[in-house]
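Working notes, structure below.
The structure presented is a predicted model; accordingly, all values stated were derived computationally and were not measured. Heads up: numbering here begins at 1 and tracks the sequence.
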Amino acid sequence: VFEEFILRYAAPGRVTVAQHFQLLAFAAETELPREFYVLKLSKKRAILDRAGTRLERVSMAKIAETLDQFLELAIPDHDRENRSAVGGAAGAQRRVRFGSGSDREGQSAYLADFYRHIDQGIGALLRGRNAAVVLAGVEEDTALFRSVATCPVLGETISGSPEKGTTDEELLERAVALVRADVLRRNGEALGAARERLAPVRFSEHPEEMLKLAEAGRVGQFYVAEDAGNDAEKNERLNRVMIETLRHAGEVHALPAGSAAAVTLRY
């Protein structure tokens, strides 16, 4: 059987003759989500891209992509003029406008309303789907969007204006790196929680013991560093732990580089 797979990160090349595949180098790759999104933010527009092997523009029904288009849809409440009659006799009175703040505050309020509008469109698009959104923009804009967002936004952002010379290829590369780092971080937290929660008999960090447990089908989750596959000979035992874990319907989770491998047991 020959199959080809598209990788986001290059794996070290080697030829192996064995009774099993060398899978350790792909532990982190297999955990990257099939899809996630990049939201390019500025004070004038917001563009949503689906991140696959490249960035693809996503159109959201009834959602304005620019601030000007949004303001044409409806006047935000804070933009409505409040007027009071002043002056003498009826017919000679004049109207005086009073507002809720400075022009700068008003502009910020318009932008917040626009970002809420975008957030609603993304929420409708992603409803029932576990897909993260990576924000790209200057800190002021990404912080404002994050303050009003209800859609699943990644903790880290791509800083800098996406409209100033950054190519989609560069944005995609930076977004994938952030998503990968987030996956590894959450896996590390999950392992730490399991270490504290589980009884010692259901947790192991000893390579020889881990292999025996995996071969017996007792491993529920196998945690291994993302760079463990860089030294195939040194980590051959860990590679076999991964294979046996998968063969017995267990889960494999990647950890940040340099982390110690560990397993949690079903029983």
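Within a 6.0 Å radius of CD in Glu156, no more than 12 heavy atoms belonging to other residues, nucleotides or ligands are found. The 12-atom threshold is not exceeded at CZ of Phe21, counting heavy atoms of other residues, nucleotides or ligands nearer than 6.0 Å. Atom CZ of Arg34 sits in a sparse spot, with 12 or fewer heavy atoms from other residues, nucleotides or ligands closer than 6.0 Å. The environment of NE2 in His20 is crowded: more than 12 heavy-atom neighbours from other residues, nucleotides or ligands sit within 6.0 Å. Shown here is Arg240, whose CZ atom has no more than 12 heavy atoms of other residues, nucleotides or ligands within 6.0 Å.
When the options Lys40, Arg50, Arg174 are evaluated for a salt bridge (charged side-chain N to carboxylate O under 4.0 Å, His left out) with Asp168, the one that passes is Lys40.
Electrostatic pairing of Arg185 and Glu189 counts as a salt bridge here, judged by a charged N lying under 4.0 Å from a carboxylate O. Electrostatic pairing of Glu226 and Arg180 counts as a salt bridge here, judged by a charged N lying under 4.0 Å from a carboxylate O. Ion pair Glu56/Arg54 flagged as a salt bridge, since at least one NZ, NE, NH1 or NH2 atom sits closer than 4.0 Å to an Asp/Glu carboxylate oxygen. Look at Glu205 and Arg195 and you find a salt bridge, because one of the NZ, NE, NH1 or NH2 atoms lies within 4.0 Å of a carboxylate O, short of that distance. Between Glu215 and Arg247 there is no salt bridge, since no side-chain nitrogen of the basic residue lies less than 4.0 Å from a carboxylate oxygen of the acidic one. The residues Arg116 and Asp119 are annotated as not salt-bridged, no charged nitrogen and carboxylate oxygen being separated by less than 4.0 angstrom. A salt bridge between Asp141 and Arg146 is absent, with no side-chain N of the basic residue lying under 4.0 Å from a carboxylate O of the acidic one. Between Arg45 and Glu163, at least one side-chain nitrogen of the basic residue sits less than 4.0 Å from a carboxylate oxygen of the acidic one, meeting the salt-bridge criterion.
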message: Run Phe36 and Leu154 through side-chain contact (heavy atoms from CB on, under 4.5 Å) and show every step you take.
response: CA-CA 10 Å; Phe36 64 91; Leu154 203 70; over 6 Å; no
task: Evaluate the side-chain contact (heavy atoms from CB on, under 4.5 Å) criterion for residues Leu178 and Asp182: first the C-alpha distance (whole Å), next the side-chain angles of each, then the deciding distance (0.1 Å), finally the verdict.
output: CA-CA 6 Å; Leu178 291 180; Asp182 183 68; over 6 Å; no
task: Walk me through it: do Leu238 and Met210 pass the test side-chain contact (heavy atoms from CB on, under 4.5 Å)?
output: CA-CA 8 Å; Leu238 293 180; Met210 287 192 292; 3.9 Å; yes
message: side-chain contact (heavy atoms from CB on, under 4.5 Å) for Leu41 and Leu135? Distances and angles first, verdict last.
response: CA-CA 7 Å; Leu41 290 171; Leu135 301 182; 4.2 Å; yes
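Expressed to the nearest 0.5 Å, how far CG of Leu55 lies from CD1 of Ile47 amounts to 11.0 Å. Atoms CD and CD1, from Glu173 and Ile158 in turn, are 10.5 Å apart once rounded to the nearest 0.5 Å. Expressed to the nearest 0.5 Å, how far CZ of Phe203 lies from CD of Glu196 amounts to 10.0 Å. Separating the CD atom in Glu29 from the CG atom in Leu7 is a distance of 4.5 Å, to the nearest 0.5 Å. Separating the CG atom in Asn130 from the CD atom in Glu35 is a distance of 9.5 Å, to the nearest 0.5 Å. To the nearest 0.5 Å, atoms CD1 (Ile243) and NE2 (His248) are separated by 12.5 Å.
For the pair Thr157 and Val134, the minimum side-chain heavy-atom distance is 4.5 Å or more. Between Val58 and Leu125, the closest side-chain pair of non-hydrogen atoms falls below 4.5 Å. Counting heavy atoms from C-beta on, the side chains of Leu184 and Leu255 never come closer than 4.5 Å.
Minimum heavy-atom separation, Gly123 to Cys151: N-CB, 4.5 Å. Across Ser161 and Val138, no two heavy atoms sit closer than the pair N-CG1, 3.9 Å. Contact detail for Phe222 and Val219: the closest heavy-atom pair is N-CG1, 4.1 Å. Residues Pro256 and Ala225 approach most closely at O-CB, 3.7 Å, considering heavy atoms. Residues Leu32 and Val176 approach most closely at CD1-CG1, 4.4 Å, considering heavy atoms. Ala216 and Tyr267 make their closest contact through O-OH, 4.0 Å (heavy atoms, listed as atom of the first residue, atom of the second, distance).
Listed for the Asp49 side chain is no donor-acceptor partner under 3.5 Å among the backbone atoms of Leu39. Here the side chain of Arg202 pairs a donor or acceptor atom with the backbone of Leu265 at under 3.5 angstrom. Panel note: side chain Asn235, backbone Asn230; no donor-acceptor pair is recorded below 3.5 Å. Side-chain atoms of Thr245 come within 3.5 Å of backbone N or O of Val241 as a donor-acceptor pair. Side-chain N or O atoms of His117 include none that pairs as donor or acceptor with a backbone N or O of Asp113 at under 3.5 Å. Side-chain N or O atoms of Glu244 include none that pairs as donor or acceptor with a backbone N or O of Leu211 at under 3.5 Å. A donor-acceptor pair is defined here as one N or O able to donate and one able to accept, closer than 3.5 Å; such a pair exists between the side chain of Asn187 and the backbone of Ala254.
At a threshold of 4.5 Å between side-chain heavy atoms, the hydrophobic network of Ile, Leu, Val, Met, Phe, Trp and Tyr places Leu213 and Met242 in one connected group. In this structure, Val179 is not a member of the same hydrophobic cluster as Leu126, with clusters built from ILVMFWY side-chain heavy atoms closer than 4.5 Å. Side-chain heavy atoms closer than 4.5 Å link hydrophobic residues (I, L, V, M, F, W, Y) into clusters, and following such links, possibly through other members, connects Tyr37 to Val148. Cluster annotation: Val153 and Val183 are assigned to distinct hydrophobic clusters (Ile/Leu/Val/Met/Phe/Trp/Tyr, side-chain heavy-atom contacts under 4.5 Å, transitive).
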Atom pairs and distances, side-chain donor-acceptor, residues 59-68, under 3.5 Å, sequence neighbours left out:
unit_1	atom_1	unit_2	atom_2	d
Glu65	OE1	Arg57	NH2	2.6
Thr66	OG1	Gln69	N	3.1

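Side chains of His253 and Gln221: no donor on one and acceptor on the other come within 3.5 Å.
Between Phe145 and Tyr115, the ring planes are perpendicular. Angles over 60° get that label, and only those under 30° would be called parallel.
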